[in-house]
Amino acid sequence: MLKMADNTELLTGIGAITTLEKADDVFRQFMDDTQYGKMSRISTPDVRIKIANAIRICRPESVFINSGSEADRQYIRKLSLDKGEENPLAMADHTIHFDLAKEQGRIVDRTFYIADPEEHISSLANRMDRPTAAELIQTHLSGIMADMTMIVGFYMRGPVGSPVSNPALEITSSAYVSHSAEILYRNAFDDFDAQVADLGHFFTNVHSEGFNRDEDLPDARVLMDRKFQTTFSWKCTYAGNTLLLKKGNHRFAVDKAVYQGQGKELAEHMFITGIQGPGNRVTWFAGAAPSGCGKTTTAMAGTWFVGDDLAQMWIAEDQTIRSINPECGIFGIVEDVNREGDPMLIDALRNPGCEVIWSNVLIDDQQIPHWVGNNEPHPDCGINFQGKWEKGMTDSNGKAIPLSHPNARCTLASTALKNFSDESENRNGVITRVFTYSGRDADTMPPVWVAKSSDHGVVIGASIVSAATATEVGATGIKRAPWANAPFIPGALGDYMDAQFRFFGNPDIAMTHRPVMAGLNYFLTHEARGGDSKKLLGEKRDVKVWLSWLERYAHNEVSAIETPIGNLPEFGDLRDLFNGIIGKTYDQELYTKQFSLYTSNIIGRIELQETAYAKEENIPQRLFDILSEQKTGLEKLRERFGEIITPDQLTKA
Ligand code: SPV
Ligand code: MN
């Protein structure tokens with residue numbers, strides 16, 4: 001359990017403003033008539049008091065209330081340019097923002113949950129007690145905004161009126177952070193009071209970049225107070241550390257789903273996309289993948305795009321699973337985004353008409369952005385995440401400095417995408433039938449396999465493994481990545497897993513709308529299947545085929561080969577889909593390579609999960625039962641057919 005609000009709320013504790021009168025005094029003192037007038041349109045007492053305390057602590061030179069009007073948005077864009085947080089690029093409405101060279105991803109080592117002694121925190125996360133947090137906030141946030149403007153924004157994480165949307169405040173001195181919030185979230189200034197009243201809560205985020213200097217980075221912190229759904233962050237700029245509307249509040253949404261959702265809600269690190277099937281039907285998918293493992297690409301492979309990073313779902317009255325995207329834009333990795341693999345994203349990025357904030361790419365002397373893997377000619381020099389860059393440059397360890405950082409990003413509104421779906425704004429969400437889980441797995445699992453039951457599906461999610469990517473500073477090696485959501489699960493993994501079993505196995509879901517849960521793996525190499533290169537067996541465009549096969553599976557239009565790990569596609573169905581959907585010849589030899597079971601690898605992977613989960617407390621026994629059932633099944637097959645079992649042999653079995 002997570003006990004809410006049973007201690008001192010730190011903003012109020014430190015700012016010491018507890019009455020509306022005192023809050024009003026602060027507004028009078030820090031706001032001119034225009035801003036004061038806008039602030040008067042927000043009447044929820046708690047909201048006013050929290051904002052007043054943030055002002056009292058950070059002591060900005062002035063406060064700007066962002067009403068979401070075009071004039072207010074324009075003010076924020078201009079402020080960011082004036083401060084130098086962003087610089088203009090050649091294309092209209094494009095800007096570049098750089099984060100410090102040593103802050104190119106989430107600063108996991110400086111990120112903490114503020115936790116009281118009885119509170120259980122994920123074994124993967126750092127905890128900090130409340131008195132220590134109070135002291136740090138006092139030391140680092142007090143007066144941090146002197147000479148700066150504080151911007152206060154009022155957002156909805158999700159469409160206004162959706163039962164799982166969350167209202168949230170973004171209070172920051174960074175115009176870049178505020179500008180990003182305007183692109184990625186729904187400004188809900190006019191609806192804020194009513195939404196807070198309806199939903200009964202709101203999230204609060206307070207951030208300041210401070211002087212934004214290298215020497216301050218060791219002092220940077222990201223603190224999250226689960227009991228009061230409030231984040232604090234300072235002396236950093238990377239959006240994953242500062243725009244805490246995103247992953248900071250995603251963590252609170254996970255808590256809400258796990259501890260208050262009663263098996264009827266989930267908050268996932270998932271894309272949402274619609275696949276057009278035969279006869280114009282659209283089947284909605286949500287899929288998890290760790291940061292930097294092709295989640296945006298998969299979302300873009302859909303006919304209808306709703307989201308590329310976060311999904312909140314619930315079981316609706318009509319017994320279907322519904323999903324909404326708490327965001328309305330993309331904060332996407334640009335490395336390897338190119339015309340061949342991501343034509344619609346490239347169109348949005350390389351043509352005029354769309355507002356884009358680029359971060360940590362290379363800017364040439366024509367003010368044009370470039371990045372690794374865009375399949376375009378590259379300049380020999382420019383400015384990138386570490387300053388002046390020239391081709392062939394090496395770092396202090398002699399390693400080549402890439403043209404763009406692997407976590408370089410683009411920020412743009414979803415409406416700029418050609419496959420944008422109006423369903424994104426539907427407060428009732430999209431009826432979601434298929435759930436996918438993928439990682440970066442070079443040698444073990446096939447490109448697609450479907451769980452034989454929802455419990456087996458939960459185990460697929462629990463068992464995601466992935467190579468480390470650049471989204472976390474300092475991460476290396478092969479990692480377990482449960483549901484691709486583990487970095488954002490605040491409480492015990494066992495509680496989260498229990499919520500997954502309860503949600504997907506909920507008898508309230510109609511038989512006709514039971515979830516299809518599948519694993520996806522794009523990263524099998526030739527080397528792992530008897531070849532001698534590290535090249536991938538598949539191509540990016542194949543993604544469409546794997547999704548389409550699942551679409552047909554969800555409508556019982558294809559049969560499948562049953563195996564201990566789940567159901568596999570048959571060759572003939574894939575051959576037809578490859579041909580029909582992407583015009584590619586798919587041969588039996590490649591099929592056999594991709595879909596043979598390499599039993600020892602898979603058993604090794606199962607044992608890795610068994611060992612790791614055995615160390616966690618309160619993991620549902622169901623997980624161990626399923627892992628052991630799969631292992632026994634694989635061992636039996638191995639006795640009969642040997643180490644590598646082909647789809648042909650599986651059919652016979
Ligand atoms: C991710 O890393 O999963 C992201 C970017 O989507 S961040 O905001 O850093 O979390
Ligand atoms: Mn993400």
Side-chain angles (χ1 to χ4, degrees), residues 97 99-100 102-111 124-125 155 157 168 170 172 174 176-177 179-181 183-185 203 205 207 220 222 224 231 233 236-254 267-273 286-300 306-312 325-335 337 345 357-361 385 405-412 414 436-440 464 466-475 479 481-490:
H97 163 83
D99 300 295
L100 294 172
K102 289 210 162 70
E103 199 217 337
Q104 294 285 313
R106 278 183 268 114
I107 46 174
V108 179
D109 60 332
R110 281 152 284 176
T111 298
L124 303 169
Y155 297 93
R157 296 180 85 263
E170 184 71 54
T172 177
S174 166
Y176 159 69
V177 168
H179 186 191
S180 301
I183 296 175
L184 295 173
Y185 294 89
F203 302 158
N205 303 290
H207 161 260
V222 177
M224 292 167 292
T231 72
S233 135
C236 46
T237 65
Y238 171 66
N241 300 320
T242 60
L243 180 63
L244 290 169
L245 265 172
K246 192 172 177 68
K247 291 308 198 321
N249 292 174
H250 173 55
R251 289 158 159 117
F252 299 152
V254 170
E268 298 298 299
H269 195 206
M270 285 183 167
F271 66 79
I272 304 170
T273 205
S291 313
C293 294
K295 198 149 44 71
T296 302
T297 299
T298 313
M300 292 299 297
V306 168
D308 80 326
D309 195 44
L310 298 172
Q312 293 184 192
N325 178 8
E327 309 188 280
C328 58
I330 294 185
F331 177 58
I333 292 179
V334 291
E335 186 160 300
V337 168
L345 188 52
I357 309 175
W358 297 85
S359 53
N360 307 316
V361 290
F385 64 95
H405 192 274
N407 196 30
R409 301 230 172 202
C410 54
T411 300
L412 66 160
S414 308
T436 67
Y437 299 91
S438 47
R440 210 174 254 276
I464 294 179
S466 200
T469 62
T471 55
E472 293 183 350
V473 173
K479 305 209 307 182
W483 295 278
N485 207 10
F488 317 113
I489 300 173

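Both counts, for ligands and for their atoms, begin at 1 and track the order of listing. Note that these values count all heavy atoms, side chains included, but never hydrogens, waters or copies made by symmetry. A quick note: this is a predicted structure, and the numbers were derived from the prediction, not measured.
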- Message: Using a 4.0 Å cut-off to any heavy atom of Tyr238, which atoms of ligand 1 qualify?
- Response: 5 (C), 7 (S), 9 (O)
- If we only count heavy atoms from C-beta on, is the Met270 to Leu310 side-chain gap below 4.5 Å? no
- So among Val337, Ile357, Thr296, Val334, which one has a side-chain contact (heavy atoms from CB on, under 4.5 Å) with Cys410? Val334
- Flag the pair Lys247 / Asp309 as yes when at least one side-chain heavy-atom distance between them is below 4.5 Å, and no otherwise. yes
- Message: Taking 4.0 angstrom as the limit and counting only heavy atoms of Ser291, give me the atoms of ligand 1 inside it, by number and element.
- Response: 1 (C), 2 (O), 3 (O)
- Does ligand 1 have an atom that lies less than 4.0 angstrom from a heavy atom of His269? yes
- Task: Would you please classify the geometry between the His269 ring and the His250 ring as parallel, tilted or perpendicular, with 30° and 60° separating the classes?
- Result: tilted
- Which of the atoms in ligand 1, numbered in the order shown and given with their element, are less than 4.0 Å from a heavy-atom of Arg106? 1 (C), 2 (O), 3 (O), 7 (S), 9 (O), 10 (O)
- Flag side-chain contact, heavy atom, 4.5 Å: Ile107 against Val222: yes
- Check the side chains of Asn407 and Asn360 for a donor-acceptor pair under 3.5 angstrom, ignoring hydrogens and angles. no
- Message: How long is the straight-line distance from CE of Met300 back to CZ of Phe271, given to the nearest 0.5 Å?
- Response: 12.5 Å
- Message: Suppose I only count heavy atoms of Asp309 and a 4.0 Å limit; which atoms of ligand 1 are within that range?
- Response: 6 (O)
- Query: Between the side chains of Arg251 and Thr231, is a donor N or O closer than 3.5 angstrom to an acceptor N or O?
  - Reply: no
- Item | Geometric N/O contact Lys246 with ligand 1, under 3.5 angstrom | no
- Task: Check the Mn ion (ligand 2) and write out every protein N, O or S atom at under 2.8 Å, as residue and atom.
- Result: Lys247 NZ, His269 NE2, Asp309 OD1
- Item | Which residues share a side-chain hydrogen bond (donor to acceptor under 3.5 Å, both in side chains) with His179, sequence neighbours left out | Glu86, Glu355
